[in-house]
2 protein chains.
Amino acid sequence: MSSTPELRDRLGYLLKHAFMQLDDLVTAVLAPHNINGRELGLLIHIAAHEPASQQQIAQRMQIDRTTMVALLDTLEAKGVVARRPHAEDRRRNVVALTDHGQQILKLGQEASAKAERQFLEPLSGDVATKFRTALQAIVK
Amino acid sequence: MSSTPELRDRLGYLLKHAFMQLDDLVTAVLAPHNINGRELGLLIHIAAHEPASQQQIAQRMQIDRTTMVALLDTLEAKGVVARRPHAEDRRRNVVALTDHGQQILKLGQEASAKAERQFLEPLSGDVATKFRTALQAIVK
DNA sequence: TATTGTTATACTCTATAACTATA
DNA sequence: TATAGTTATAGAGTATAACAATA
């Protein structure tokens, strides 16, 4: 007596829509800071590592280097990151957060954490923690 | 003594990459059947409901009706769905699976289930079940 | 020769506007 | 006049190829 499989039973459907729901929340709370979730991700990555060239950042974030150019153009126009010439290798740009970027990073992370709490609201604290742990075990 | 927040700590990162990993697995196992995960989702939806017009399907799946046209064009070219004129309202198309589509649906669902098992392999059976339940609680 | 950053280009996915045929 | 399906078009996001500057 198995019922007809529904779209909502597909893990792909669930993961895609979960991401979209969270992304909507994150976009909303970050809007006052003039960045989006993807840009915050880049700020977090830059802040967490030694000063790096565009290529190094692109490789570590698994973003195409031509895509990185456009992303950094946007963030530089917003004044949150700066490109400086590398001291020894003049082909490279060293990418770093500006003071304003440090501020936006801090505010953005607080806002993002708030969006995550909203997103996880349907789960109890214990289940939410296990949910995150499961995701970390799955994502390589 | 909190360490620097890393990109991998962000729920958005985890959900996006989890989806991409699963999508890669699903794409691989569905390739022999000449459909992708999105198309299988549409076949599942059509099979699970009463015969419906393109618009009804688009609304229920939250897909734009112009996107639905292109999706159905592809699936019709592959011979898995057929558009038939509605008996009473000739503006409408009734969309249904062909016999071949029924076959592809069955094979595709088996393949998709296999991909999901691969995807959930890092989790114990119990944790995997709770993971899916948590996703269902979150997704509206 | 190889590498870094860049530009030009194209392809996918999605959405908006406008057209057609039917109601 | 409103609706179903369609087409044309444009906007994101991403990827490939080719170029200039530098190593």
Side-chain angles (χ1 to χ4, degrees), chain A residues 12-13 15-17 19-21 23-24 26-27 30-31 34-42 46 49-78 81-96, chain B residues 12-13 15-17 19-21 23-24 26-27 30-31 34-42 46 49-78 81-96:
Chain A
Y13 176 91
L15 283 170
K16 183 175 183 178
H17 285 255
F19 172 73
M20 291 193 304
Q21 280 180 207
D23 199 50
D24 285 347
V26 169
T27 299
L30 289 183
N34 195 30
I35 57 170
N36 60 39
R38 195 183 185 203
E39 292 165 346
L40 177 61
L42 182 49
I46 292 172
H49 291 85
E50 295 297 305
S53 70
Q54 294 185 196
Q55 288 247 29
Q56 289 169 324
I57 298 170
Q59 279 164 13
R60 290 196 294 228
M61 292 188 71
Q62 296 180 76
I63 292 175
D64 190 86
R65 67 190 175 124
T66 66
T67 304
M68 183 58 64
V69 172
L71 249 173
L72 288 175
D73 283 349
T74 305
L75 289 175
E76 200 167 32
K78 291 177 183 175
V81 305
R83 288 161 159 126
R84 300 196 318 153
H86 186 98
E88 288 137 33
D89 185 344
R90 278 183 299 169
R91 290 173 304 182
R92 302 187 184 194
N93 287 335
V94 178
V95 180
Chain B
Y13 176 92
L15 283 171
K16 182 176 182 178
H17 285 256
F19 171 73
M20 291 193 304
Q21 281 179 208
D23 199 49
D24 283 349
V26 169
T27 299
L30 289 183
N34 195 30
I35 57 169
N36 60 39
R38 195 182 186 203
E39 292 165 347
L40 177 61
L42 182 49
I46 293 172
H49 291 85
E50 295 296 306
S53 71
Q54 294 185 197
Q55 289 244 30
Q56 289 170 323
I57 297 170
Q59 279 165 11
R60 292 196 293 227
M61 292 189 70
Q62 295 180 76
I63 291 175
D64 190 86
R65 68 192 175 124
T66 66
T67 304
M68 183 59 64
V69 172
L71 250 173
L72 289 175
D73 283 349
T74 306
L75 289 175
E76 199 167 34
K78 290 177 181 173
V81 305
R83 289 162 158 125
R84 299 195 320 154
H86 186 100
E88 289 138 32
D89 185 344
R90 277 182 301 168
R91 291 173 304 181
R92 301 188 185 193
N93 288 335
V94 177
V95 180

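Quantities reported herein were computed from a predicted structural model and do not represent experimental measurements. The sequence lines fix the lettering, A, B, ..., with proteins before strands; numbering per chain opens at 1.
- Between Gln55(B) and Arg92(B), the side chains place no donor N or O within less than 3.5 Å of an acceptor N or O (distance only, hydrogens not considered).
- Residue Gln55(B) is in base contact, counting any heavy-atom pair closer than 4.0 Å across all strands shown.
- The pair Asp73(A)-Arg83(A) meets the salt-bridge criterion, with a side-chain N (NZ, NE, NH1 or NH2) lying under 4.0 Å from an Asp/Glu carboxylate O.
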Residues Met61(B), Ile57(B); criterion side chain to side chain contact (heavy atoms under 4.5 Å, CB included); working and verdict: CA-CA 6 Å; Met61(B) 292 189 70; Ile57(B) 297 170; 4.0 Å; yes
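- Between the side chain of Arg91(A) and the base of dT3(C) there is at least one donor-acceptor pair of N/O atoms closer than 3.5 Å.
- We find that CE of Met20(A) is positioned 14 Å from P of dC13(C), with the value rounded to whole Å.
- Among the protein residues, Glu88(A) comes within range of the sugar-phosphate backbone only, with heavy atoms under 4.0 Å from sugar or phosphate atoms but none that close to a base.
- Residues Val94(A) and Arg90(B) each lie close to DNA chain C; by heavy-atom proximity, the contact nearer the 5' end of the strand is made by Val94(A).
- Phosphate proximity of dT4(C) to Arg83(A): absent, as no side-chain N or O sits under 4.0 Å from OP1 or OP2.
- Side-chain contact between Asn93(A) and His86(A): absent, with no pair of heavy atoms (C-beta onward) separated by less than 4.5 Å.
- Taking all atoms of both residues into account, the shortest heavy-atom contact from Glu39(B) to Ile35(B) is OE1-CA, 3.2 Å.
- Between the P atom of dT3(C) and the CD atom of Gln54(A) lies a distance of 17 Å, rounded to the nearest Å.
- With hydrogens and angles disregarded, a donor-acceptor distance shorter than 3.5 Å links the side chain of Thr27(A) to the backbone of Asp23(A).
- Within residues 58-74 of chain A, the residues that have a heavy atom under 4.0 Å from DNA chain C are, in order of number, Arg65(A), Thr66(A), Val69(A).
- For DNA chain D, the contact window with chain B, defined by any atom under 4.0 Å from a protein heavy atom, covers dA2(D) to dT14(D) in 5' to 3' order.
- The two residues Val94(B) and Pro51(B) make their nearest non-hydrogen contact at CG1-CB, 3.8 Å.
- Annotation: salt bridge (charged side-chain N to carboxylate O under 4.0 Å, His left out) contacts involving residues 52-66 of chain A, sequence neighbours excluded, are absent.
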